[in-house]
*Asks:* 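Quick one: the structure is below, questions incoming.
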Amino acid sequence: GYRVSLQGNFFGHNHTYITFPEYNPRKHIKLDPPLNIQSNITASKCQIWWSVPWYLVEILQYELQYKEHSMSWESALNKTPPSSLPQIEIEATEFRRGVAYIARVRCKVSENEDSYHSQWSEWSQTTVFRRADVPKLSENILNTRTMQFLFIPLSLGTLLYLFWNCKLSQKASPALIFPLQLLSFSHSIICTMGILR
């Protein structure tokens with residue numbers, strides 16, 4: 001270890017003050033914050049990861065903070081990753097749909113490490129992510145489905161109408177039956193298309 005002292009001249013007299021009689025630099029470390037924080041959110045979970053020097057990976061612990069983008073850091077939630085790996089997974093249900101979130105992380109030497117001791121680093125840069133909104137049917141899909149549900153029953157109804165009209169019109173002149181049926185069918189199709197619009 002080392003002895004740290006403070007010397008000064010006070011009122012014309014030199015004085016020495018022993019600040020740390022036994023100072024061990026390994027026990028007074030402040031690390032640089034993690035780098036390259038990134039995120040990815042799916043329907044089931046949010047993954048956040050970052051980088052630290054490879055030779056420190058096994059002896060570090062982390063604290064993650066996240067909040068809604070529009071809120072202050074005072075309202076942020078804290079998470080502690082379960083291992084020394086520079087990553088964390090959070091259930092997607094903890095985030096509101098369609099809302100942007102921002103996260104940051106800091107690190108220090110693990111409490112389980114005897115050889116070194118440190119205070120928390122400064123906070124890292126931030127990463128922004130957003131849970132997807134509930135998917136909405138587009139207008140085109142809605143129109144396609146509407147056509148499927150309406151066109152088939154109306155077509156069947158039109159065919160039944162033609163068949164019934166044909167039976168009732170057996171006494172009419174054969175030359176008039178087909179034009180009347182064609183006109184009726186065309187009218188039904190025009191009505192159908194008008195409804196679909």
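Keep in mind the model is a prediction, meaning the values are calculated, not measured.
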*Asks:* State, with a plain yes or no, whether a side-chain heavy atom of Trp49 is found less than 4.5 Å away from one of Leu85.
*Replies:*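 No. Closest side-chain heavy atoms not under 4.5 Å.
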*Asks:* Using only atom types and a distance under 3.5 Å, with no angle test, would you say the side chain of Ser121 pairs donor to acceptor with the backbone of Lys108?
*Replies:*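 No: the side chain of Ser121 does not pair with the backbone of Lys108.
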*Asks:* Are Asn78 and Thr80 close enough, and set up right, to give a side chain to side chain contact (heavy atoms under 4.5 Å, CB included), and what steps lead you there?
*Replies:* CA-CA 7 Å; Asn78 293 350; Thr80 302; over 6 Å; no
*Asks:* For residues Leu31 and Leu56, determine if any side-chain heavy atom of one lies less than 4.5 Å from a side-chain heavy atom of the other.
*Replies:*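 Yes. Closest side-chain heavy atoms under 4.5 Å.
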*Asks:* Would a distance-only check, ignoring hydrogens and angles, find a side-chain to backbone donor-acceptor pair under 3.5 Å from Gln61 to Cys107?
*Replies:*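 Judged by distance alone, no pair lies under 3.5 Å.
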*Asks:* For the atom pair CD (Glu89) and NZ (Lys45), what is the distance rounded to the nearest 0.5 Å?
*Replies:*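 Rounded to the nearest 0.5 Å, the CD-NZ separation comes to 4.0 Å.
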*Asks:* Report whether Val99 and Phe129 are members of the same hydrophobic cluster (ILVMFWY, side-chain heavy atoms less than 4.5 Å apart, transitive linking).
*Replies:*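 In one cluster: yes.
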*Asks:* Taking Arg131 for the side chain and Gly98 for the main chain, is one N or O donor matched with an acceptor at less than 3.5 Å?
*Replies:*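 No: the side chain of Arg131 does not pair with the backbone of Gly98.
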*Asks:* Are Gln65 and Trp73 close enough that some pair of their side-chain heavy atoms sits under 4.5 Å apart?
*Replies:*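 Yes. Closest side-chain heavy atoms under 4.5 Å.
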*Asks:* Hydrophobic cluster membership, with links at side-chain heavy-atom distances under 4.5 Å among I/L/V/M/F/W/Y: are Val57 and Leu64 in one?
*Replies:*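 The answer is yes; both residues are in one hydrophobic cluster.
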*Asks:* How about CD on Gln87, more than 12 heavy atoms from neighbouring residues, nucleotides or ligands closer than 6.0 Å, or not?
*Replies:*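 Enclosed: over 12 neighbouring heavy atoms sit under 6.0 Å from CD of Gln87.
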*Asks:* Pick out which of Ile88, Asn40, Ile41 makes a side chain to side chain contact (heavy atoms under 4.5 Å, CB included) with Ile48.
*Replies:*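 Considering Ile88, Asn40, Ile41, a side chain to side chain contact (heavy atoms under 4.5 Å, CB included) with Ile48 is found only for Ile88.
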*Asks:* Given 3.5 Å as the limit, does a donor-acceptor pair link the side chain of Lys67 with the main chain of His69, or not?
*Replies:*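 Yes, Lys67 side chain to His69 backbone: donor-acceptor pair under 3.5 Å.
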*Asks:* Going by salt bridge (Lys or Arg N to Asp or Glu O under 4.0 Å), name the residues that satisfy it together with Glu91, two or more places apart in sequence or in a different chain.
*Replies:*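 Salt bridge (Lys or Arg N to Asp or Glu O under 4.0 Å) check on Glu91 returns nothing, list empty.
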*Asks:* Which atoms form the tightest heavy-atom contact between Tyr116 and Ile29, and what is the distance?
*Replies:*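 Heavy atoms only, the tightest pair is CD2-CD1, 3.6 Å.
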*Asks:* How long is the span from the CZ atom in Arg104 to the OG atom in Ser124, to the nearest 0.5 Å?
*Replies:*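 Arg104 CZ to Ser124 OG: 8.0 Å, rounded to 0.5 Å.
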*Asks:* In terms of hydrophobic clusters joined by side-chain contacts under 4.5 Å, are Tyr55 and Val109 together?
*Replies:*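 The answer is yes; both residues are in one hydrophobic cluster.
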*Asks:* Return the minimal non-hydrogen interatomic distance between Thr42 and Ala92, and the atom names on each side.
*Replies:*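 Scanning both residues, the minimum pair turns out to be O-CB, 3.7 Å.
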*Asks:* Would you say Phe95 and Cys46 make side-chain contact, with heavy atoms under 4.5 Å?
*Replies:*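 Counting from C-beta outward, Phe95 and Cys46 do come under 4.5 Å.
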*Asks:* Can you sort out the partners of Lys79 under salt bridge (Lys or Arg N to Asp or Glu O under 4.0 Å), two or more places apart, ordered by chain and number?
*Replies:*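 Salt bridge (Lys or Arg N to Asp or Glu O under 4.0 Å) check on Lys79 returns Glu94.
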*Asks:* Before you tell me yes or no, could you show the steps for Thr127 and Ile102 under side chain to side chain contact (heavy atoms under 4.5 Å, CB included), namely the whole-Å CA-CA distance, both residues' side-chain angles and the distance that decides it to 0.1 Å?
*Replies:* CA-CA 6 Å; Thr127 182; Ile102 186 169; over 6 Å; no
*Asks:* Taking the side chain as C-beta and beyond, is there a heavy-atom pair between Glu63 and Trp123 under 4.5 Å?
*Replies:*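 The answer is yes, as the side chains (C-beta and beyond) meet within the 4.5 Å cut-off.
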*Asks:* With side chains defined as the heavy atoms from C-beta onward, is the minimum distance between Pro33 and Arg106 less than 4.5 Å?
*Replies:*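 No, their side chains stay 4.5 Å or more apart.
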*Asks:* Kindly compute the distance separating OG (Ser39) from CZ (Arg130), expressed to the nearest 0.5 Å.
*Replies:*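 That separation rounds to 12.0 Å.
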*Asks:* Salt bridge check, Glu68 against Arg96: does any charged N sit closer than 4.0 Å to a carboxylate O?
*Replies:*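 Glu68 and Arg96: salt-bridged.
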*Asks:* Measure across Glu58 and Ser84 and return the closest heavy-atom pair with its distance rounded to 0.1 Å.
*Replies:*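 The pair with the smallest heavy-atom distance is CA-OG, 4.0 Å.
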*Asks:* Using the side chain to side chain contact (heavy atoms under 4.5 Å, CB included) rule, take Val52 and Tyr62 through it: C-alpha gap first, then chi angles, then the decisive distance, then the call.
*Replies:* CA-CA 11 Å; Val52 293; Tyr62 307 96; 3.4 Å; yes
*Asks:* Output yes when a side-chain donor or acceptor of Ser110 lies under 3.5 Å from a complementary backbone atom of Leu60, and no otherwise.
*Replies:*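 No; judged by distance alone, with no hydrogens or angles, the pair does not exist.
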*Asks:* How about CD on Gln47, more than 12 heavy atoms from neighbouring residues, nucleotides or ligands closer than 6.0 Å, or not?
*Replies:*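 Yes.
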